[in-house]
S.K.: 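What follows is a single structure, and I will ask about it in a moment.
Proteins get letters first, then strands, A, B, ... in listed order; numbering begins at 1 in each.
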Amino acid sequence: QKEVEQDPGPLSVPEGAIVSLNCTYSNSAFQYFMWYRQYSRKGPELLMYTYSSGNKEDGRFTAQVDKSSKYISLFIRDSQPSDSATYLCAMSGGSNYKLTFGKGTLLTVNP
Amino acid sequence: DGGITQSPKYLFRKEGQNVTLSCEQNLNHDAMYWYRQDPGQGLRLIYYSQIVNDFQKGDIAEGYSVSREKKESFPLTVTSAQKNPTAFYLCASSIEGMSNQPQHFGDGTRLSIL
């Protein structure tokens, strides 16, 4: 079983839709959870950072962590064409600095 | 503006040639990292450095070398021993090399073989 699983998509939605992106993980030592957005030919940009179970909201983005189920989600409300990108989940924990990434989900928001 | 600058954006390597990718940060971060990104494979860690004059191998260090002589600079050399170097290379940094510190990325260098 891979440490982090992320559906690669592609995911295509109409403008204004609510988007749900998900990752599951197997390592119970993971305590810190991140979502990155990566545009084509660019580096990943940190969108959300959480370290506890529950929800964290930032504008149109909500990050959700369920440690009991080892499941994290990123919700995008009122999606825009500018949200079209690859979304990467990443996590770390314990004494290990190392970030473990999902493979990314390619999202297209159609005008 | 603070950030991470990678250069060049595109690089071509000939057979048997070593090439060096530059990474400079002005965020005053102690820790720096190099990743390789291949389609469908996600990000894989090549090398990391938690402090000046110290660095450790990541998951796929073979065929690569690094140095960390200055806090703001962490160049990566892709040697001729790396048989499949075509990839997108990403440099990152964090305040410290701790698991609770998110990493911030540069815009990458795309390396191709001539």
S.K.: Could you tell me which portion of A/Tyr36 (side chain, backbone, both or neither) has an atom closer than 4.5 angstrom to a non-hydrogen atom of chain B?
M.R.: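 Side chain only.
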S.K.: Counting only non-hydrogen atoms closer than 4.5 Å, does B/Gln103 touch chain A with its backbone (N, CA, C, O), its side chain (CB onward), both, or neither?
M.R.: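 Both parts, backbone and side chain.
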S.K.: Are any of the side-chain heavy atoms of A/Lys103 and B/Leu43 separated by less than 4.5 Å?
M.R.: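 In short, these two side chains do not touch, never coming nearer than 4.5 Å.
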S.K.: Would you call B/Asp107 and A/Arg41 a salt bridge, using N to O less than 4.0 angstrom?
M.R.: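 Looking at B/Asp107 and A/Arg41, the cut-off is not met.
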S.K.: According to a 4.5 Å side-chain heavy-atom criterion applied to Ile, Leu, Val, Met, Phe, Trp and Tyr, with indirect links allowed, do A/Val65 and A/Leu47 form part of one hydrophobic cluster?
M.R.: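 In one cluster with A/Val65: A/Leu47, yes.
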S.K.: Between A/Gln6 and chain B, with a heavy-atom cut-off of 4.5 Å, which part of the residue counts as in contact: side chain, backbone, both or neither?
M.R.: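 Contact with chain B: none, neither part.
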S.K.: Is it possible for you to say whether B/Met32 and B/Val78 belong to one hydrophobic cluster, with membership spreading through side-chain heavy-atom contacts below 4.5 Å?
M.R.: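 Cluster IDs for B/Met32 and B/Val78 match.
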S.K.: Is it true that A/Leu11 and A/Phe61 fall in one hydrophobic cluster, defined by side-chain heavy atoms closer than 4.5 Å?
M.R.: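 Yes: a chain of side-chain contacts under 4.5 Å links A/Leu11 to A/Phe61.
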S.K.: Less than 4.5 Å to any heavy atom of chain A: does that hold for the side chain of B/Tyr89, its backbone, both, or neither?
M.R.: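 For B/Tyr89, there is no contact with chain A at all, as no heavy atom is under 4.5 Å.
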S.K.: So which atom in A/Lys42 and which in B/Phe88 form the shortest heavy-atom distance, rounded to 0.1 Å?
M.R.: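 That closest heavy-atom pairing would be O-CE2, 3.5 Å.
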S.K.: Any donor and acceptor pair, going by atom type alone, linking the side chain of A/Tyr49 with main-chain N or O of B/Asn100 inside 3.5 Å?
M.R.: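 Checking the backbone N and O of B/Asn100 against the side chain of A/Tyr49, a donor-acceptor pair under 3.5 Å is found.
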S.K.: How close do A/Pro44 and B/Phe105 get, heavy atom to heavy atom, and via which atoms?
M.R.: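 Smallest heavy-atom distance, with atoms named: O-CB, 3.4 Å.
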S.K.: Compare all side-chain heavy atoms of A/Leu99 with those of B/Gln101 and state whether any distance is below 4.5 angstrom.
M.R.: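 Side-chain contact under 4.5 Å: no.
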S.K.: Select one option (side chain, backbone, both, neither) describing which atoms of A/Tyr51 are under 4.5 Å from chain B's heavy atoms.
M.R.: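 Neither the backbone nor the side chain of A/Tyr51 comes within 4.5 Å of chain B.
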S.K.: Quick check on B/Glu96 against chain A: is it the side chain, the backbone, both or neither that has a heavy atom closer than 4.5 Å?
M.R.: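 For B/Glu96, there is no contact with chain A at all, as no heavy atom is under 4.5 Å.
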S.K.: Report yes or no: do A/Leu46 and B/Leu45 belong to one cluster of Ile/Leu/Val/Met/Phe/Trp/Tyr joined by side chain heavy-atom distances under 4.5 Å?
M.R.: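 A/Leu46 and B/Leu45: one cluster.
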S.K.: Hey, which of B/Ala92, B/Pro102, B/Ala31, B/Ser94 has the most heavy atom pairs under 4.5 Å with chain A?
M.R.: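 Among B/Ala92, B/Pro102, B/Ala31, B/Ser94, the one with the most close pairs to chain A is B/Pro102.
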S.K.: Are A/Tyr87 and A/Val13 joined in one hydrophobic group, where the rule is that I, L, V, M, F, W and Y side chains link up if heavy atoms are under 4.5 Å apart?
M.R.: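 Same hydrophobic cluster.
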S.K.: Determine whether more than 12 heavy atoms belonging to other residues, nucleotides or ligands lie under 6.0 Å from atom CG of B/Leu27.
M.R.: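 It does: B/Leu27 CG has more than 12 such atoms within range.
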S.K.: Give me the atom names and distance for the closest heavy-atom approach of A/Gly43 to B/Leu90.
M.R.: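 Heavy atoms only, the tightest pair is CA-CD2, 3.7 Å.
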